[in-house]
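Written below as structure tokens is the structure these notes are about.
These values consider heavy atoms only, across backbone and side chains, with no hydrogens, waters or symmetry-generated copies. Counting begins at 1 with the first residue of the sequence. Every number for a ligand or one of its atoms is a count from 1 in the order of the listing.
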Amino acid sequence: MASNNGLKASEMFEGQVHLYKHLHAHAVDGMSIRWMIELGIPDIIHNHDQPITLSELVSILQIPPTKVRGVHSLLRYLAHNGFLQIVRVHHNTQEKEAYALTAASQLLVKGTNLSLTPMVEYLINPSGSPVWSHLKKWTYEDDLTLCDVSLGSNIWDFLGKNTEKNKLFNKAMASDSQMMNVALRGCNWVFEGVESIVDVGGGNGTTAKAISDAFPNVKCTVLDRPQVVENLLGTNHLKYVGGDMFKSIPKADAILLKWILHNWSDMDCKKILENCKEAISGKGKRGKIIVIETVINEGQDEHGITSLKLLMDVKMSCLVNGKERSEEEWKKLFVEAGFQSYKISPLTGYLSLIQIYP
Ligand code: SAH
């Protein structure tokens, strides 16, 4: 008789279902989302003004009859995962199933202010998975990151040499930062008394623009790698500076670090934070650092939010020697970099806003 290590048959079958669910989701979960935007399905549903039936969608997309069953299968799975909603509609006197957008797929309509399609195009790309196929090799390569092992250099050097990838990356980051237009709306108390801010690693300036739109009295500077900011034009309220945050950071009342510290080890973060502290020196009570990052809180967060944070932690730990941090880990870092106090406030579904004071 086959050994089942003391498990009941039902437990073993449950284990098999759990395992298969994850194994089969590999590639399909991400690629089905990319497929949906490549075919423009969210845009079609959005422009249709009402839920769309399978036959309507098939006719608009001119899907060959041999593929209709497969398309239906993909749509059903996407609906099961919360990317479409299945509703009943009356169509030519018949009741039929139709697809509507959900909150998640509304964000996949192209060309809107809050579209996350650039994030899909960056994260779900066919050349992405070979990086992860080096995970075993990475385990034994001492200090090397998964990027070092698979791409031959760290992520920033790789992006610096690959113009197309660099564009995709910057667009993806900018799409995430568009959310700041909504998230920072209620944050007057954060910017009270702040007259100047430097967004360190601020990419193409999307967050800085959101700040200068919402708080026109704040003068913004974006510091990023020269390759990222070299062709960008500033305004009266927004200036771009090419440079290296490990060397020096322009002086301001406040420094913003959004999605920066999770890319770096504690030692590197200490250096960045010390440079930030130097940049706000002499600003008295106005001087502070604003960090926008995740705070891992398994005890309090919903399971889905913890899943996202742990998944991002895997990516940061393996790809770049960074990490997502718990409050304890953040606190330790702030104390080591010489800060006196901090305050964590919720910002979006998974990001917190942390203010740190010297
Ligand atoms: N803050 C942006 C981008 C986050 S990605 C956002 O949330 O959308 C990290 C950013 O750090 C990238 O734009 C990258 O170019 C920048 N970066 C990496 N190393 C840097 C360095 N040494 N000095 C300045 N910026 C750097």
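In this structure, atom 22 (N) of ligand 1 lies nearest to the protein heavy atom Asp244 OD1, 2.9 Å. In this structure, the protein non-hydrogen atom closest to atom 11 (O) of ligand 1 is Ile260 CD1, 3.6 Å. For atom 7 (O) of ligand 1, the closest heavy atom belonging to the protein is Lys258 NZ, 2.7 Å. Summary of contacts: the protein heavy atom closest to atom 24 (C) of ligand 1 is Met245 N, 3.7 Å.
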Please tabulate, for side-chain N and O atoms in residues 214-227, each donor-acceptor pair with protein atoms closer than 3.5 Å (sequence neighbours left out).
residue : atom : partner : partner atom : Å
Asp224  : OD2  : Gly202  : N            : 3.4
Asp224  : OD2  : Gly203  : N            : 2.7
Arg225  : NH1  : Trp156  : O            : 3.3
Arg225  : NH2  : Asn166  : OD1          : 3.4

Scan the side chains in residues 15-24 for donor-acceptor partners under 3.5 Å anywhere in the protein, sequence neighbours excluded, and list what turns up.
residue : atom : partner : partner atom : Å
Gln16   : NE2  : Tyr20   : OH           : 3.4

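The distance criterion of under 3.5 Å between nitrogen or oxygen atoms is met by Arg225 with respect to ligand 1. Not one N or O of Asn170 is nearer than 3.5 Å to an N or O of ligand 1, by distance alone. Where the criterion is an N or O separation shorter than 3.5 Å, residue side chain and backbone included, Trp156 fails it with respect to ligand 1. Polar contact with ligand 1: present for Met173 (N/O pair, distance under 3.5 Å).
With a 4.0 Å heavy-atom cut-off, ligand 1 is reached by the side chain of Asn263 but not by its N, CA, C or O.
Between the choices Phe169, Trp259, Phe246, the shortest heavy-atom distance to atom 4 (C) of ligand 1 belongs to Trp259. With distances taken over non-hydrogen atoms, the option nearest atom 2 (C) of ligand 1 out of Gly205, Ala208, Gly201 is Gly201. Considering each of Ser177, Gly203, Ser175, the one bringing a non-hydrogen atom nearest atom 8 (O) of ligand 1 is Ser177.
A salt bridge links Arg325 with Asp266: at least one charged nitrogen is closer than 4.0 Å to a carboxylate oxygen.
Val228 counts as a contact of ligand 1, since one of its heavy atoms falls under 4.0 Å from the ligand.
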